[in-house]
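Quick notes on the structure that follows.
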Amino acid sequence: MNGNIQILNEDSIDPSDQLKFIALGGGNEVGRSCHILKYKDKTVMLDAGVHPAMNGMAALPFYDDYDLSTIDVLLISHFHLDHAASLPYVMTHTEFKGRVFMTHPTKAIYRWLLSDYVRVSAISANDSAALYSDADLSSSYECIEAIDYHSTTEVDGVKFTAYHAGHVLGAAMYLIEIAGTKILFTGDYSREQDRHLNRAEVPSERPDILVTESTYGTSTHQPRPEKEARLLNLITKTILNGGRCLMPVFSLGNAQELLLVLDEYWQNHPELESIPVFYASSLARKCLAVYQTYINMMNSHIRRKFRDDRTNPFLFKHIRSLKNLDRFDDLGPCVMVASPGMLQNGVSRELLERWAPDAKNSLIMTGYSVEGTLAKQIINEPSEFPSITGGGIKVPRRLFVEEISFAAHVDYKQNSEFIGLVNAPNIILVHGEQTNMARLKSALISKYKDVRGTANEVRVFNPRNSEEVSLVFQGVKVAKVMGSLATKPPVPGQLISGILVQKNFEMSLLASNDLEEFSGLFSTSLVQRQSISVDSPPDLIRFHLEQMFGLVRDVQMAGDSDGIGLSVMDSSVTVWCGTNSSHPITGQVTVEWEGNIVNDAIADSVLAILLSVDSSPMSVKISSKPSHCGNHMSRLDKVERVLVFLDAQFGSALEPMENPEEGVFIRIDEYTATVSFQTMQVTCSYEPLRSRVSHVLSRAVATILPIDDLEEDKEDIIKLEEDKEDTIKLEDDLQEGHSSAATSPMELQDRLEQEQDQDDSA
């Protein structure tokens, strides 16, 4: 059977935001519990049981419907066969490669319980029907990891915590977290306070999804005191009439609870001392040893008896252990607590066939009876039932049959109350027959009908086996600020910078020196060096660096070096200019920086500047020295040289003023640019022409004039550089078509470009 249930908010959903739930077993049935959770490329399997009413491969969950090699984690809720008996098959006969977890008591009992299952299966079926051997069980057992209650375990981004579930010793419900989405899986759980177990806990965290059992649907259990009184009255009536009382149970689970009840009743009624009470199970003694070992995981009543009364409640005074029926003298009234609980085979089935024809005897069903088993059939009190020996032999049924359930499962009242306390917005029902599950779903939908269609809506699903439930969770990524960055609370608008570390689905913002402590990572700095030849002195190098980066600081060189270090922009980029007493300039400059994206970009810019220092016109101007031969140029000589340069650029368009030392006119078409040699400024009503002439004038001053007094012409140089920037901007505007020329702008621009080409050639 294949199907698909989808609850999607939009047509286009990121597949990684979909959480998928698939029941491979336990969907609209009780038995072979096995469920799959898949989210963010992580897969968790919950339980791996067999169906008690089936044998061989038919008893397995639908493993062929899923790729078991993709499973990361397998969690076993408790040791009952319908939740754990196919685990050795999964671990040894499939492509499963994940890790398996269960609680310490579950692992201790699991080994013995499944050994008995292998033995009984081999007796009742042929070898071809056996799912696995005892060797498979042993090899898989070594790979199981045991965990404690309330301890959180993480496996590749999947976090899970075990909580007490009641039901049986070691039973756990798991709170699973994947990428911030929480799922609570109850397994089989009980909220009833009994004689030896803690009742199921309610986790403090609210899950996004609750996967819960629905075994009893909307049925309500009889109060515990009334059930015990009813049970003991029926037992007393049977044995006083000379009959035998049979109570089928699982080897472990509610059997221990019933034994505590019977032992206490016999202790309080000495008149029954002559009536024997037997516990018929090959695992009886071993199981009781486990119960005595894990007293600390039971309720306060049992712990108090051990601590204060110094007695062991599991060393029964009035109950005898019966390993096999060969040692049983069936001579009179007795009470027999025997496994298995479904009457499919074993001691309980053999005794049923022996005692069923006698009306003085009674059969009390104390657990949940699964569909398809003899236990379920005989509750209806048929006149006969088939013998386990086969051959069409029928066994007459005349004994009295009564169902008094001590199964540690929640009824509707307890389940509904627990669901309300957990307060999950999505509920997935499992482990329930189709009718019971449908009734529970209907009751829950009715309970939460007032919040339907609101932000607090509760959705309930009851998928069949191999049917997929898809839920969308679009979480917000949050990074925790840790370490030294978190010493002070941030203020509004503050920029916090650090290293973003992501481990699985958790992100942390850390300072580099906190990496090792908080993430186990180590930071490594890659220092790069590059040396180039530069014949300019350190002061000139500093000047050029300041023009580009602004902030340049001195850095002390290590050791005995007498060089100069320049730190650029307070970054990790440093320029080393090495010197010594005999050679003021070594001709080599080393750039050193710590490798990262920002520093690499700064270092590239620094290297480009250093490569152009020696040939830069500004370097020539700044480094020019007065002539020692006395041939210092007069102002007239300077003007003549500028005129030569302008004439080479503009030719016939150049027209001297009345006093040539004052300046010149440059006339192109109807526009005139005026060049003043007094202020070294250009005025013109047409901006493109003014910018062009200013650019040529600035190049003339920078490249031709040997100005020996820097302070004298500093203002002129600054002004000319500003004009140069304006020229570049306006030339960009012309390229974009933003010129505001009134007449012949294209012709003028062509002429200016031709002159620029001549200038570049010169």
Side-chain angles (χ1 to χ4, degrees), residues 1-28 33-47 61-75 95-98 154-160 174-186 205-212 419 422-430 437 441 444-445 448 451-479 502-507:
M1 179 185 300
N2 290 303
N4 186 36
I5 298 176
Q6 292 190 345
I7 303 297
L8 304 178
N9 297 327
E10 299 179 4
D11 294 335
S12 58
I13 297 295
D14 186 346
S16 66
D17 291 334
Q18 294 186 41
L19 184 148
K20 297 181 179 180
F21 175 89
I22 305 171
L24 299 183
N28 281 255
S33 290
C34 182
H35 318 294
I36 299 292
L37 288 171
K38 183 175 179 61
Y39 185 52
K40 299 291 186 182
D41 293 326
K42 303 295 180 182
T43 307
V44 179
M45 179 186 284
L46 305 170
D47 284 344
F62 295 93
Y63 290 138
D64 291 341
D65 289 355
Y66 200 83
D67 183 4
L68 302 187
S69 66
T70 63
I71 295 172
D72 300 294
V73 177
L74 197 164
L75 304 176
E95 297 298 320
F96 174 82
K97 301 180 182 67
E154 182 172 356
V155 179
D156 296 332
V158 179
K159 294 196 296 186
F160 54 92
Y174 292 99
L175 181 64
I176 305 159
E177 181 178 347
I178 305 174
T181 299
K182 298 180 177 63
I183 306 99
L184 178 62
F185 171 59
T186 66
E205 298 181 72
R206 182 195 184 198
D208 300 288
I209 301 174
L210 171 64
V211 182
T212 181
I419 290 172
V422 171
N423 193 28
N426 301 285
I427 302 169
I428 300 177
L429 303 179
V430 296
M437 187 181 290
K441 177 181 179 180
L444 292 174
I445 291 175
Y448 295 107
V451 295
R452 187 180 306 165
T454 68
N456 298 320
E457 180 179 4
V458 177
R459 296 178 291 184
V460 185
F461 309 94
N462 59 334
R464 294 181 174 87
N465 286 333
S466 299
E467 192 173 64
E468 182 181 282
V469 176
S470 183
L471 301 171
V472 177
F473 295 95
Q474 296 174 323
V476 178
K477 292 185 178 181
V478 177
Q502 179 172 348
K503 182 179 181 182
N504 296 317
F505 301 108
E506 293 185 349
M507 294 188 295

For this session: Output, in order, the C-alpha distance, side-chain angles, deciding distance and verdict of salt bridge (charged side-chain N to carboxylate O under 4.0 Å, His left out) for Glu468 and Lys38.
Result: CA-CA 11 Å; Glu468 182 181 282; Lys38 183 175 179 61; over 6 Å; no

Exercise. Got a second to check how far His35's NE2 is from Ile428's CD1, nearest 0.5 Å?
Worked result: 9.5 Å

Exercise. Measuring from Leu68:CG to Leu74:CG, what's the distance to the nearest 0.5 Å?
Worked result: 9.0 Å

Problem set entry | Heavy-atom donor-acceptor pair, Lys42 side chain to Asp72 backbone, under 3.5 Å | no

Exercise. Do Ser16 and Asp41 come within less than 4.5 Å of each other through their side chains, counting heavy atoms only?
Worked result: no

Seminar exercise, completed: Heavy atoms of Pro425 and Pro207 approach each other most closely as CD-O, 3.5 Å

Seminar exercise, completed: Looking only at heavy atoms, the pair that brings Arg459 and Leu471 closest together is NH2-CD2, 4.2 Å

Exercise. Mind checking what makes side chain to side chain donor-acceptor pair (under 3.5 Å) contact with Tyr63, not counting sequence neighbours?
Worked result: Ser86

For this session: Mind running side chain to side chain contact (heavy atoms under 4.5 Å, CB included) on Leu175 and Glu205 for me, showing each step along the way?
Result: CA-CA 9 Å; Leu175 181 64; Glu205 298 181 72; 3.8 Å; yes

For this session: Step by step, work out the side chain to side chain contact (heavy atoms under 4.5 Å, CB included) result for Tyr66 and Ile22.
Result: CA-CA 9 Å; Tyr66 200 83; Ile22 305 171; 3.9 Å; yes

Problem set entry | Min side-chain heavy-atom separation Asp17-Lys40 under 4.5 Å | yes

For this session: Go through Ser466 and Asp65 one step at a time and tell me if the side chain to side chain contact (heavy atoms under 4.5 Å, CB included) criterion holds.
Result: CA-CA 7 Å; Ser466 299; Asp65 289 355; 2.5 Å; yes

Problem set entry | Side chain to side chain, Leu184 and Tyr174, heavy atoms closer than 4.5 Å | no

Seminar exercise, completed: To the nearest 0.5 Å, atom CZ of Phe185 lies from atom CG of Leu75 at 8.5 Å

For this session: Could you tell me whether Lys97 atom NZ has more than 12 heavy atoms of other residues or ligands within 6.0 Å of it?
Result: yes

Problem set entry | Value rounded to 0.5 Å, distance of CD1 in Ile419 from OG1 in Thr186 | 8.5 Å

Seminar exercise, completed: So NZ of Lys20 and CG of Leu37: to nearest 0.5 Å the spacing works out to 13.0 Å

Exercise. Can you find a heavy atom in the side chain of Ile36 that is under 4.5 Å from one in the side chain of Phe21?
Worked result: no

For this session: Decide, yes or no, whether a salt bridge links Lys503 with Glu154 under the criterion of side-chain N to carboxylate O below 4.0 Å.
Result: no

Exercise. At what distance, to the nearest 0.5 angstrom, does CD1 of Ile183 lie from CG of Leu210?
Worked result: 11.0 Å

Exercise. Is the count of non-hydrogen atoms from other residues, nucleotides or ligands lying under 6.0 Å from Gln502 atom CD greater than 12?
Worked result: yes

Exercise. Would you say the side chain of Val158 lies within less than 4.5 Å of the side chain of Val44, judging by non-hydrogen atoms?
Worked result: yes

For this session: Show your reasoning for whether side chain to side chain donor-acceptor pair (under 3.5 Å) applies to Asn28 and Arg464.
Result: CA-CA 5 Å; Asn28 281 255; Arg464 294 181 174 87; 4.9 Å; no

Problem set entry | Side-chain donor or acceptor of Arg206 paired with backbone N/O of Asn423 under 3.5 Å | yes

Exercise. Is Tyr39 reaching over with its side chain to a backbone N or O of Phe473, donor-acceptor style, under 3.5 angstrom?
Worked result: yes

Problem set entry | Test side chain to side chain contact (heavy atoms under 4.5 Å, CB included) applied to Ile209 and Lys182, step by step | CA-CA 7 Å; Ile209 301 174; Lys182 298 180 177 63; over 6 Å; no

Problem set entry | Test item: Leu429 and Leu444 side chains (from C-beta on) under 4.5 Å apart, heavy atoms | yes

Problem set entry | Qualifying residues under side chain to side chain donor-acceptor pair (under 3.5 Å), relative to Ser69, sequence neighbours excluded | Asp67

Exercise. Just wondering, do Phe505 and Ile178 contact through their side chains at under 4.5 Å, heavy atoms?
Worked result: yes

Exercise. Is the CG atom of Asp64 crowded by more than 12 outside heavy atoms at less than 6.0 Å?
Worked result: no

Problem set entry | Thr70 side chain reached by Glu95 side chain, heavy atoms, under 4.5 Å | no

Exercise. Is there a donor-acceptor pair closer than 3.5 Å between any side-chain N or O of Asn426 and the backbone N or O of Asp208?
Worked result: yes

